[in-house]
Amino acid sequence: TSLLDRKSIAKCWKITGSRLSAGGIGIWKFKSKIKLLIELFTINLVVWRCLIMKMGLKKREMINYRNYEFTWKEYVKYGGIGIGALFFLGYIFYESKVISICAIPSLYFYFKYLKKQLAKKRREELLLEFREMCMSFAAQLSAGYSFENALKEALKEMKKMYGEDCDIGKELHFMIEKLRINITIENAMMDLAVRSELEDIRLFAEVLGIAKTGGGDLIAIVKSTAMGISEKIDTDREIQLILSEKKFEQGIMNLIPLIMILYIKITSPDLMEIMYDSLIGRVIMTGCLLVYGIAFYVGRKMVEIEMG
């Protein structure tokens with residue numbers, strides 16, 4: 001039973017209390033007082049060490065890959081892009097700065113969409129890093145390393161490949177610390193799977209747990225699972241590569257209506273004047289903006305395929 005289990009901790013404290021309350025009765029028959037104090041001190045030291053390490057893991061920020069948090073620099077960057085886009089659309093469809101300023105609260109939905117896209121991109125990058133980690137982890141196990149040492153060696157390789165601040169490096173560091181406080185490797189992997197919502201990581205964690213408890217050739221099972229995950233990721237990347245051309249075309253098509261309106265406004269401003277000076281013209285331009293927004297959304301959805 002893990003020393004972090006509440007029952008185990010309570011048992012340690014109960015033993016300590018019972019021995020202290022016993023005082024010196026029969027103590028000279030079995031152990032000296034010094035040995036008893038050393039034993040009690042060791043029990044308490046181990047318990048407190050485990051508690052402190054567990055509290056340290058809780059306080060340390062665990063990355064939630066389902067959500068993306070902007071830094072202030074990103075807020076300035078994307079906020080500037082969003083405001084610029086609002087004024088550009090306001091000029092194209094309404095020729096009014098007031099409408100653009102009134103539309104600034106709509107940036108909330110823009111940031112929400114961006115967070116979703118950036119979180120998705122981060123999960124995709126994590127999955128690619130996880131694939132390399134799996135292959136390295138399987139190779140280290142084949143070389144005879146224990147789980148903890150295999151993770152340490154994999155951590156070194158991941159830092160060389162992706163840098164010191166890579167997400168998989170942080171996760172491997174967390175896993176190594178969890179192993180030191182008697183949390184199983186499959187539970188540590190499953191925690192990452194829950195936070196990232198990646199099916200491949202969940203599958204690897206489940207297979208690792210089954211292989212450990214069910215017996216069999218653990219190294220071969222881990223290797224086979226890692227290869228299967230790698231092949232699946234390669235297939236996903238090939239699909240994304242095929243779709244990249246369509247995404248580029250869709251981006252160009254999104255710009256064409258705006259470029260056409262801008263061209264007419266610059267070359268023949270009289271033709272567009274009625275669309276900005278009359279109520280009917282503004283209603284028509286509003287309808288055009290709505291149709292353009294729906295077309296943009298549908299086009300994005302058509303070329304999006306989830307990885308993992």
message = Strictly distance-based, threshold 3.5 Å: is any side-chain N or O of S224 a donor or acceptor partner for the main-chain N or O of A220?
response = no
Within one Ile-Leu-Val-Met-Phe-Trp-Tyr cluster: I81 and Y113, side-chain cutoff 4.5 Å = no
inquiry  = Do F174 and L192 have side chains that approach each other closer than 4.5 Å (heavy atoms only, starting at C-beta)?
reply    = no
Between Y65 and E125, a side-chain donor and acceptor under 3.5 Å = no
Pair K247, Q240: side-chain N/O donor-acceptor within cut-off below 3.5 Å = yes
task = Decide whether V291 and Y297 are clustered together by the hydrophobic rule: side chain heavy atoms of Ile, Leu, Val, Met, Phe, Trp, Tyr closer than 4.5 Å, transitively.
result = no
inquiry  = I'd like to know whether K170 forms a salt bridge (charged side-chain N to carboxylate O under 4.0 Å, His left out) with D165, so could you lay out the CA-CA distance, the side-chain angles of the two residues, the decisive distance to 0.1 Å, and finally the verdict.
reply    = CA-CA 7 Å; K170 296 175 184 176; D165 294 329; 5.6 Å; no
key: Audit row: L114, F109, side-chain contact (heavy atoms from CB on, under 4.5 Å) steps and yes/no   = CA-CA 8 Å; L114 267 182; F109 301 101; over 6 Å; no
task = Work out which heavy atom in S100 is nearest to a heavy atom in L86; give both atom names and the distance.
result = OG-O, 3.2 Å
ask   = Side chains of M190 and I201: closer than 4.5 Å at any heavy-atom pair?
value = no
task = Output yes when a side-chain donor or acceptor of S278 lies under 3.5 Å from a complementary backbone atom of G281, and no otherwise.
result = yes
ask   = Got a second to check how far I233's CD1 is from C134's SG, nearest 0.5 Å?
value = 7.5 Å
ask   = Going by heavy atoms in the side chains, are I63 and E171 under 4.5 Å from each other?
value = yes
ask   = In this structure, which one of E157, R131, K156 forms a side chain to side chain donor-acceptor pair (under 3.5 Å) with S136?
value = E157
key: Same apolar cluster (I L V M F W Y, side chains within < 4.5 Å links), I176/F130   = yes
inquiry  = How close do R66 and A119 get, counting heavy atoms only, and between which atoms?
reply    = O-CB, 4.0 Å
query = More than 12 foreign heavy atoms under 6.0 Å from CG of D277: is that the case here?
reply = yes
ask   = How far apart are the closest heavy atoms of E148 and L179, and which atoms are they?
value = CA-CD1, 3.8 Å
task = Would you check if the distance from the ring center of Y78 to the ring center of Y110 is below 6.0 Å?
result = no
request  = Could you grab the distance from atom CD1 of I92 to atom CE of M285, nearest 0.5 Å is fine?
outcome  = 8.0 Å
key: More than 12 heavy atoms of other groups within 6.0 Å of F248 CZ   = no
note = Here the pair of heavy atoms bringing A188 nearest to I183 is N-CG2, 4.4 Å
Cluster link F88 to I259, ILVMFWY, side chain under 4.5 Å = no
query = Within a radius of less than 6.0 Å around OH of Y292, do more than 12 heavy atoms belonging to other residues, nucleotides or ligands occur?
reply = yes
key: Straight-line distance of I99 CD1 to T286 OG1, nearest 0.5 Å   = 7.0 Å
key: Check: Y68/E74 side-chain N/O donor and acceptor closer than 3.5 Å   = yes
query = So, does S142 use its side chain to make a donor-acceptor pair with the main chain of A138 at under 3.5 Å?
reply = yes
key: Same apolar cluster (I L V M F W Y, side chains within < 4.5 Å links), F87/Y94   = no
query = So do N149 and K152 actually touch side chain to side chain, heavy atoms under 4.5 Å?
reply = yes
inquiry  = Please find the pair of heavy atoms, one from R123 and one from S196, that lie closest to each other, and give the distance.
reply    = CD-O, 2.8 Å
query = Are there more than 12 heavy atoms of other residues, nucleotides or ligands under 6.0 Å from atom CD1 of I274?
reply = no
task = Determine, stepwise, if the pair F204 / I229 fulfils side-chain contact (heavy atoms from CB on, under 4.5 Å).
result = CA-CA 8 Å; F204 187 81; I229 292 173; 3.8 Å; yes
task = Check the surroundings of atom CD1 in I280: do more than 12 heavy atoms from other residues, nucleotides or ligands lie under 6.0 Å from it?
result = no
ask   = Quick one: NZ on K97 to SG on C102, what's the gap to the nearest 0.5 Å?
value = 14.0 Å
remark   = Value for CG (L126) from CZ (R195), rounded to nearest 0.5 Å, stands at 9.0 Å
ask   = Are side-chain heavy atoms of K115 and L118 found at a separation under 4.5 Å?
value = no
query = Do L151 and F137 touch side chain to side chain, with heavy atoms closer than 4.5 Å?
reply = yes
inquiry  = Taking the side chain as everything from C-beta on, heavy atoms only, tell me whether M275 gets closer than 4.5 Å to R282.
reply    = no
request  = Indicate yes or no for a side-chain donor-acceptor contact from S230 to the backbone of M227 under 3.5 Å, with no hydrogens or angles considered.
outcome  = no
ask   = Under 30°, 30 to 60°, or over 60°: which ring-plane class applies to F70 and Y75, parallel, tilted or perpendicular?
value = perpendicular
inquiry  = Between S96 and Y91, do the side chains contain a donor N or O and an acceptor N or O under 3.5 Å apart?
reply    = no
Minimum side-chain heavy-atom gap E132-M161 below 4.5 Å = yes
ask   = For the atom pair CD (Q250) and CD (E245), what is the distance rounded to the nearest 0.5 Å?
value = 13.5 Å
query = Can you tell me if E129 uses its side chain to pair, donor with acceptor, with the backbone of I168 under 3.5 Å?
reply = yes
